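Below: one structure, written as structure tokens.
The model shown is predicted, which means the values in this text are computed figures rather than measured ones. Naming: A, B, ... by sequence-line order, numbering from 1 per chain.
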Amino acid sequence: MKIIELKNLNKVYHEGEIDVHAVRGIDLSFQQGEFTAIVGPSGSGKTTILNLIGGLDNPTDGDIIIDEVNIGNLKSSALTDFRMKNIGFVFQAYNLIPVLTAKENVEFIMHLQGKSKKERTERALQLLKEVGLSERVNSRPAKLSGGQQQRVAVARALASKPKFILADEPTANLDSESTANLLDIMEKLNKDENITFIFSTHDSRVVNKARRVVTVEDGKVVSDITK
Amino acid sequence: MILSIAWKNIWRNKLRSLVVIFAVIIGILSGSIGVSIMEGMMKSRAKAQLNNEISHIQIHNSNFKFNNEAKYYIDNYDSIKTFISKLDGYKSSTDRLVISGLINSTGGNTAAFIYGIYPDIEKQVTEIYLFVKDSSGGYFNQDKKNQILISETTAKKLRLDRYVITDKTIELLSINNFPVDETPKLKTLLNIEYRTHKDFFNELRNTLDSKIVKEYEFLLLKYAVTFKHRANLVVTFQDINGKITGDRFRITGIYKTGNRMFDEMSVFVNKKDLSRLSGYKETYSHEIAVMLSDKDIAKPFAEKIKNKFPNLKVETWGEIEPMLIMFSEYMVIYNYLIILIILAALAFGIINTMLMAIMERTKELGMLAAVGMNKNRIFKMIMLETIFLTITGAIVGLVSNYFIIDWLSRKGIDLTKQMGEALEAMGFDSLIYPEMGVEYYFGITLLVIFVAILSSIYPAIKAIKLNPADAVRTDA
């Protein structure tokens, strides 16, 4: 089932008097349950594509259709609401809330969704168990390793039961062991629970795990290989 | 949860938050203590004026107040008293003769209003008797004729003042931090009486360090002054027929209230003596003073008297001394203005701190927006952080303020040395007992909340204007 469709997507940044074409006329679609890596050199436009899919940035031209909704037509507040209900984010720098514990970080998005405390607690504990952090539920981010923080970020991304997860360079700050561990968890979630993952990455280990690899250069898709 | 995050966020940079909180505490404390000193001064001034000078209601012949001519008197005090004593809120009343006259001593003379009073009844209405200096004699003695109670200011004008350094003087000076090394020099002047202020100070300048004399001039005068005991004064005034009359009066005591102007103009004699000498019958009165159980009922009380005795001039304390009401009203505005200015200055510090906090958390705020925290919630969170930061300081400030003012209100702040003369000249007591009404605590709390909300708007707007894509990309 197709859940994301990009049609003739363009993004131009205006830097002073210079126009930078970050994305040039991309047409792409993603199916439910995909485990996709968007790869390419620095500045190729992969993070921009992820930001556009996630509704964090507006396209200069083209359509982004998610689950039959053209998010380009949504107003700011509706878009925020749409992101909360449909999209999970994993960032390169984890971006956890430092004053909250691992459990509270996972619960936070469910709080925004208005879930009951009981439901929040149960789901947060279950997700932290799935990412192997049952023992660290009450630890604050500063007390966790990079790999553990990124696993909390994955649990947080899953908390809202999103249609897909966008992960921007999720392994860039991790060592080999943590990377392998994180990828195993995400692959397992993908296979067992049919959760769609879309990564932007340079990391060959991620590329190796991905079942579809979209290569981007100068804002254009130069290859799209399904393994 | 947003409440909890906002509260936790303010403790992320403890030092920075504590600096802001400390600044708010100091601001609130300085503002509140300033307010309480002003309130204490004003209330004490108002209380003294009501209790010593004007009472709650005064009744005169309607012509008397134009130029205080003694021929305009009231001759039915008994029926007035019978009526007012039955009204709700009545506490006490007295009647007086008031004649302007000249007071002469061997050393000088001065004009004053001579109040003919019933000493014992007067005690129920005014508190002048409490201000009679023990060393000067005392209040009226019932058995003696022609006694006069004058103020310290009048006594000085009549050159009845003498200056003596006694052990008590030295003790009082040492309480006020008089230099210990100067005390032995001062003791060389022990029990020597100086007839004039000039002689006394010449001797002091010869004996002590002149800087110390200058610094302690007011206190030396205050504690060394004594008065010629039971001196005779000649009091002259016009009798009921307009003829100059008078008699010799002996000083029974010397009083000193905090109001030099009142002291300067008022001497008290027994009404019986003044009546006998002036020809105004004892049943005549120039002034009736009424005290009520509560000063705030003066207006309706006065209306009832006016209705019953329409030919009399019946005035409430607020009509006699409109400045009292004006002062208290303006003082409230002035006090809040001072607090507002302090809080406005603090607001800039709070805004700066919050902007720094937001700049440091750009990435985190971007993440919050990305995962679905809408602008309202982000705005609310930043607003709560600002309010928490300010309110924490305000609560600590106000609680500390309560205890400090409670302590100061019992101990008092003695400004005698620093500005006693100036304060007394303006009618204020130099020993101030600060006080702050509960309404100020509510008022200041509301002002703090108002300033906190205002301070939070700009940082909160900055926070919601962050673009999530830019924010998560930033290095912050």
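- For the residue pair B/Ala370 and A/Arg83, the shortest heavy atom distance occurs at O-NE, 3.0 Å.
- For B/Tyr458, the OH atom sits in a loose shell: 12 or fewer heavy atoms of surrounding residues, nucleotides or ligands are nearer than 6.0 Å.
- In B/Lys462, the NZ atom is not crowded: 12 or fewer heavy atoms of neighbouring residues, nucleotides or ligands sit closer than 6.0 Å.
- Ranked by heavy-atom pairs under 4.5 Å with chain B, the list A/Lys85, A/Arg156, A/His111, A/Glu107 is led by A/His111.
- By the neighbour-count criterion of 12 heavy atoms within 6.0 Å, atom CG of A/Asn70 is densely surrounded, having more than that number from other residues, nucleotides or ligands.
- Both the backbone and the side chain of A/Leu112 have a heavy atom closer than 4.5 Å to some heavy atom of chain B.
- Within 6.0 Å of CD on B/Glu439 lie more than 12 heavy atoms contributed by other residues, nucleotides or ligands.
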### Task
Under the side-chain contact (heavy atoms from CB on, under 4.5 Å) rule, what do A/Ile97 and B/Met367 come out as? Steps first, then yes or no, please.
CA-CA 9 Å; A/Ile97 302 171; B/Met367 176 279 293; 3.7 Å; yes
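- Taking each heavy atom of A/Leu100 and B/Lys8 in turn, the nearest pair found is CD2-NZ, 4.1 Å.
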### Task
Given side-chain contact (heavy atoms from CB on, under 4.5 Å), test B/Arg12 with A/Val99 step by step and report yes or no.
CA-CA 7 Å; B/Arg12 283 164 77 157; A/Val99 294; 3.2 Å; yes
Pairs under 3.5 angstrom only: tabulate donor-acceptor contacts from the side chains of residues 32-41 of chain A to other protein residues two or more places apart or in another chain.
residue	atom	partner	partner atom	Å
A/Gln32	NE2	A/Asn194	O	3.0
A/Glu34	OE1	A/Thr36	OG1	2.7
A/Glu34	OE1	A/Arg212	NH1	2.9
A/Glu34	OE2	A/Gln31	N	3.0
A/Glu34	OE2	A/Arg212	NH1	3.1

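- Ranked by heavy-atom pairs under 4.5 Å with chain B, the first of A/Ser77, A/Gly54, A/Pro98, A/Gly55 is A/Pro98.
- Separating the CD atom in B/Glu364 from the CZ atom in A/Phe91 is a distance of 11.5 Å, to the nearest 0.5 Å.
- Using a 4.5 Å cut-off between heavy atoms, A/Ser160 does not touch chain B at all.
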#### Entry: Worked verdict on A/Glu104 versus B/Ile5 for side-chain contact (heavy atoms from CB on, under 4.5 Å)
CA-CA 10 Å; A/Glu104 288 167 339; B/Ile5 293 174; over 6 Å; no
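- Annotation: B/Tyr441, atom OH; neighbour count of heavy atoms from other residues, nucleotides and ligands within 6.0 Å is above 12.
- A/Phe82 does not touch chain B: none of its heavy atoms, backbone or side chain, sits under 4.5 Å away.
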For residues 388-400 of chain B, please give each side-chain donor-acceptor pair under 3.5 Å, one per line with the distance, not counting sequence neighbours.
residue	atom	partner	partner atom	Å
B/Thr390	OG1	B/Thr386	O	2.7
B/Thr392	OG1	B/Phe388	O	2.5
B/Ser400	OG	B/Val396	O	2.5

